[in-house]
Amino acid sequence: MGGTTWVYIMLGIYIIYCFYWGLKGYFTEKTSSGYAIAGRSIPFFAFLLAATAASFSGWTFIGHPGLIWRDGLAYAFASFYVLTIPITGTFFSKRTWLMGKRYGFITPGDMYAYYYNSEALRFLVVLTAVLYSIFYSAVQLMASAALFNIIAGVPVTFGAIFMAFIVWFYVCTGGLKASTWVGVIQFILLVGGIIILGLFVVTAPQFGGWSGFSAAVHNLDAKFLEVPRVINTVDYLGGAPGESAWTAVMVLTYMFALMGIQSSPAFTMWTFGIKSPKPLAWQQAFMSTFVVGFALFFFTAFQGMGAKVLELKGIEAFQGLNNATVVPTLMNEFLPPFMLGIVFMGAIAAIHSTAAPYIGTGGSILLRDIYWRYIRKQEATHAEQIWMNRVFATVLTILALVVGMTSKAALVILGALATAFGFVMYVLLVGVIWGFKFPRVGAVLGVLTGMVAVFLTYKIWPNPLSMHCAFWGTASGLVVAYICKGIGIKDDEETIKRQAEVRTFLDDIDEPSASGKQWRSVMKIATPLWYFFAIGPACILGNKAFSFAGFTPLWSWQIAWWILGIVMMWALCFKAEMATTNEVQIDRAEKETNIVVKEA
């Protein structure tokens, strides 16, 4: 059978699996929280795989090798998002789960509005969630359409609608639990597909084995093998990320943008939905950092650099490429028919793994924070809430399709804009989770300022000083929040009392052991040092630092700091107890409840 036949066979099996979980959820989920956050019952194994799949999307599978092909190893620093995405979870997820369990929060708007005693924050979180869901899902759906077009010849518009329909069906019928269990198989397909394609590329006869591949990469122009400079001090970067030089500070601040994935409202809801916080440390230190890191630092780089070598060799199939067609072209050229079907499903799974939870949680946030609270005045039944949730998820799916099919921006840049909005949520998270002190007015104006700054430094003055809009957004948001504190704005007595109660609960239930405190003291120094050398200004040292096993110096630098990053994440998650919990904590969280949210 030909490759296209296998593509349709694999797609058919995948659709059956997706529809099974959607229909199962349709007949079993009868409560609003059961549909929206899986009744706080997502098990260890399912979260471990599905949350990792949702963190790394079709952007990773298709866009990442394409941009390595276009911009070289300076862009390959983006592979470090295997650490910077989960490190957000390390900072916040365990305490977020404890908050959700104690107070009964269903949406992040519930949590932020309660802590700061401000409904304005609820609306800002809704706005963030909607923008994030639309932009990020648009990226995923159009990437799947482009891939379907190149591999199977399906028209892009039809492919986009068809792929959106698959996601829409299992999200709308089954809710978050369906998205999670579909995410389990999506993780396996995602990582497996990346590794399979990279392996076929690096072992292709055109290269003559690893020694030939390595020699060809070493012979590329220096612009593909080095970070050009630390910072652009005079001119803007000149456009969206990747369209000009990847300076060291651009690499660093681009990683800040991707830290916005796990600080986004969608991921906060997912954290509320897990049965126990025990999988958090393993997801952050092992599944993301090690497993996905292994796929990215080696196999996506094999794909991107291999395509560049073949293009410069004059191989006909690799002439006229763009960053969106690199991976599909490699698939068509190097994969036998059966493997083409497998890797195609890996790409589709990667795409859906992110679109599904963002569409689903976006609908749940619109339902709970707008329809339930303000339109129905907290009087709707469970059944009504579930059906309205489906309506909102449908609207978000349609809007994502419209944005994807009409936007002129590079889709990967739309994704970066979405994650920048997610990173602005750090302003609220550092306050709620760790007690950074600024008044309610500062929180509201900080988030609002951050969102405006993201837009201005994305659209009007792109990336000043070659620093990503995510940095400018969150930095300006925190500055405004602390200015409000500095000029003497105070919270009312009720808000102060509420925040003090939350701080007492979190600091008591999550107090680290003596060993954990010592490790936290060490990691307060070690973590910023890792950022500075691995992906910060000092990463330019990698241009000439050292080389091993045939990898170029910058590639060797990335691999070495990735390995050190695994050690760092292990130390943060386990030794510093940032992501681990014990039975006493979990038991207390189950019993010491103070429910402040009405469900139906």
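If you're wondering where the values come from, they're calculated on a predicted model, not measured in any experiment.
- Between Asp507 and Arg95, at least one side-chain nitrogen of the basic residue sits less than 4.0 Å from a carboxylate oxygen of the acidic one, meeting the salt-bridge criterion.
- Summarising the geometry of Ser55 relative to Ile85, their closest heavy-atom pair is O-CD1, 3.6 Å, with the distance given to 0.1 Å.
- Proximity of a side-chain donor or acceptor of Gln585 to a complementary backbone N or O of Ile509 within less than 3.5 Å is detected.
- Thr28 and Lys24 make their closest contact through OG1-O, 2.8 Å (heavy atoms, listed as atom of the first residue, atom of the second, distance).
- The OG atom of Ser364 sits 10.0 Å away from the CD1 atom of Ile386 when rounded to the nearest 0.5 Å.
- Ring to ring, Phe256 and Phe423 are close: their centroids are under 6.0 angstrom apart.
- Ring geometry for Phe286 against Phe290 counts as parallel: the plane angle stays under 30°, on a 0 to 90° scale with 60° as the upper cut.
- Checked by atom type and distance alone, the side chain of Gln385 pairs as donor or acceptor with a backbone atom of Ala380 at under 3.5 Å.
- The closest side-chain heavy-atom distance from Tyr114 to Met99 is not below 4.5 Å.
- Of all the heavy atoms in Thr580 and Cys573, the pair that sits closest is CG2-O, 3.2 Å.
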Exercise. Checking side-chain contact (heavy atoms from CB on, under 4.5 Å) for the pair Ile535/Leu83: CA distance, chi angles, key distance, verdict?
Worked result: CA-CA 11 Å; Ile535 54 175; Leu83 283 112; over 6 Å; no
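- Legend: residues meeting side-chain hydrogen bond (donor to acceptor under 3.5 Å, both in side chains) with Ser93, ordered by chain and number and at least two apart, are absent.
- In this structure, Trp97 contributes its side chain and Ile274 its backbone to a donor-acceptor pair below 3.5 Å.
- Among all heavy-atom pairs drawn from Leu147 and Ala347, the shortest one is CD2-CB, 3.2 Å.
- In this structure, Ser137 and Ser133 approach most closely via the heavy-atom pair OG-O, 2.7 Å.
- Ion pairing of Asp510 with Lys94 is present here, as a side-chain N (NZ or NE/NH1/NH2) and a carboxylate O approach within less than 4.0 Å.
- Between Phe91 and Val430 the shortest side-chain heavy-atom distance does not fall below 4.5 Å.
- The shortest distance between side-chain heavy atoms of Leu48 and Phe187 does not fall below 4.5 Å.
- Here ring pair (Phe, Tyr, Trp, His ring centres under 6.0 Å) pairs that include residues 366-404, with residues two or more places apart or in two chains, are Phe123-Tyr374.
- Residues Phe56 and Phe61 keep their aromatic ring centres 6.0 Å or farther apart.
- Classification of Lys517 and Glu511 as a salt-bridged pair holds, one side-chain N sitting under 4.0 Å from a carboxylate O.
- Using a 4.5 Å cut-off on side-chain heavy atoms (C-beta onward), Thr289 and Pro86 make contact.
- Ring to ring, Phe148 and Phe344 are close: their centroids are under 6.0 angstrom apart.
- Counting only distance, with no hydrogens or angles, the side chain of Thr419 and the backbone of Ala257 share a donor-acceptor pair below 3.5 Å.
- The residue from Leu564, Thr527, Val82, Thr90 that alone fulfils the side-chain contact (heavy atoms from CB on, under 4.5 Å) condition with Met569 is Thr90.
- The backbone N or O of Ile359 lies less than 3.5 Å from no partner atom in the side chain of Trp168, so there is not a single donor-acceptor pair.
- Exactly one residue among Ile433, Val447, Thr474 makes a side-chain contact (heavy atoms from CB on, under 4.5 Å) with Tyr426. That residue is Thr474.
- Thr52 meets the side-chain hydrogen bond (donor to acceptor under 3.5 Å, both in side chains) test with Gln283; sequence neighbours excluded.
- With hydrogens and angles disregarded, a donor-acceptor distance shorter than 3.5 Å links the side chain of Tyr35 to the backbone of Cys172.
- Arg440 and Thr495 share a side-chain donor-acceptor pair at under 3.5 Å.
- Side-chain atoms of Glu29 never come within 3.5 Å of backbone atoms of Gly175 as a donor-acceptor pair (strictly under, hydrogens ignored).
- A donor-acceptor contact shorter than 3.5 Å is absent between the side chain of Arg390 and the backbone of Gly363.
- Distance check: Leu572 CG to Lys524 NZ gives 12.0 Å after rounding to the nearest 0.5 Å.
- Considering only heavy atoms from C-beta on, Tyr81 comes within 4.5 Å of Leu296 through its side chain.
- Judged by distance alone, with hydrogens and angles left aside, the side-chain atoms of Arg40 form a donor-acceptor pair with the main-chain N or O of Gly104 at under 3.5 Å.
- A salt bridge is defined here as a Lys NZ or Arg NE, NH1 or NH2 lying under 4.0 Å from an Asp or Glu carboxylate O, and Arg102 with Glu501 meets this definition.
- Between Val182 and Val171 there is no side-chain heavy-atom pair separated by less than 4.5 Å.
- Take Thr253 and apply the side-chain hydrogen bond (donor to acceptor under 3.5 Å, both in side chains) test, not counting sequence neighbours, and it matches no residue.
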Problem set entry | Trace of the side-chain contact (heavy atoms from CB on, under 4.5 Å) decision for Met10 with Ile348 | CA-CA 11 Å; Met10 295 297 174; Ile348 296 301; over 6 Å; no
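- Legend: side chain to side chain donor-acceptor pair (under 3.5 Å) pairs involving residues 348-363, not counting sequence neighbours, sorted by first then second residue: Tyr14-His352.
- Side-chain atoms of Trp282 and Phe574, non-hydrogen and from C-beta on, do get closer than 4.5 Å to each other.
- A side-chain contact (heavy atoms from CB on, under 4.5 Å) with Thr96 is found for one member of Val432, Thr268, Leu280 and no other, namely Thr268.
- In this structure Arg373 satisfies the side-chain hydrogen bond (donor to acceptor under 3.5 Å, both in side chains) test with no other residue, sequence neighbours excluded.
- The aromatic rings of Phe105 and Tyr103 sit parallel, their planes meeting at an angle under 30°, below the 60° perpendicular limit.
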For this session: For side-chain contact (heavy atoms from CB on, under 4.5 Å), just list the numbers for Val125 and Met425, CA-CA rounded to whole Å, side-chain angles, deciding distance to a tenth of an Å, and then say yes or no.
Result: CA-CA 8 Å; Val125 174; Met425 291 294 101; 4.2 Å; yes
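- When only modelled atom types and interatomic distance are considered, Tyr116 and Arg122 share no side-chain donor-acceptor pair under 3.5 Å.
- Summarising the geometry, atom CD belonging to Gln303 is positioned 10.5 Å from atom CD1 belonging to Ile62; distances are rounded to the nearest 0.5 Å.
- Atoms CE and CD1, on Met339 and Ile196 in that order, are 5.0 Å from each other to the nearest 0.5 Å.
- For the pair Ser264 (side chain) and Gly422 (backbone), a donor-acceptor distance under 3.5 Å is absent.
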For this session: Show the numbers, then the answer: is there a ring pair (Phe, Tyr, Trp, His ring centres under 6.0 Å) between Phe294 and Phe299?
Result: CA-CA 8 Å; Phe294 176 71; Phe299 296 94; 5.4 Å; yes
For this session: Given side-chain contact (heavy atoms from CB on, under 4.5 Å), test Leu11 with Met163 step by step and report yes or no.
Result: CA-CA 10 Å; Leu11 185 60; Met163 290 299 170; 4.2 Å; yes
Exercise. Going through the distances and angles, do Phe80 and Trp530 end up as a ring pair (Phe, Tyr, Trp, His ring centres under 6.0 Å)?
Worked result: CA-CA 11 Å; Phe80 277 105; Trp530 182 88; 5.6 Å; yes
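- The nearest pair of heavy atoms linking Thr88 to Ser263 is CG2-N, 3.5 Å.
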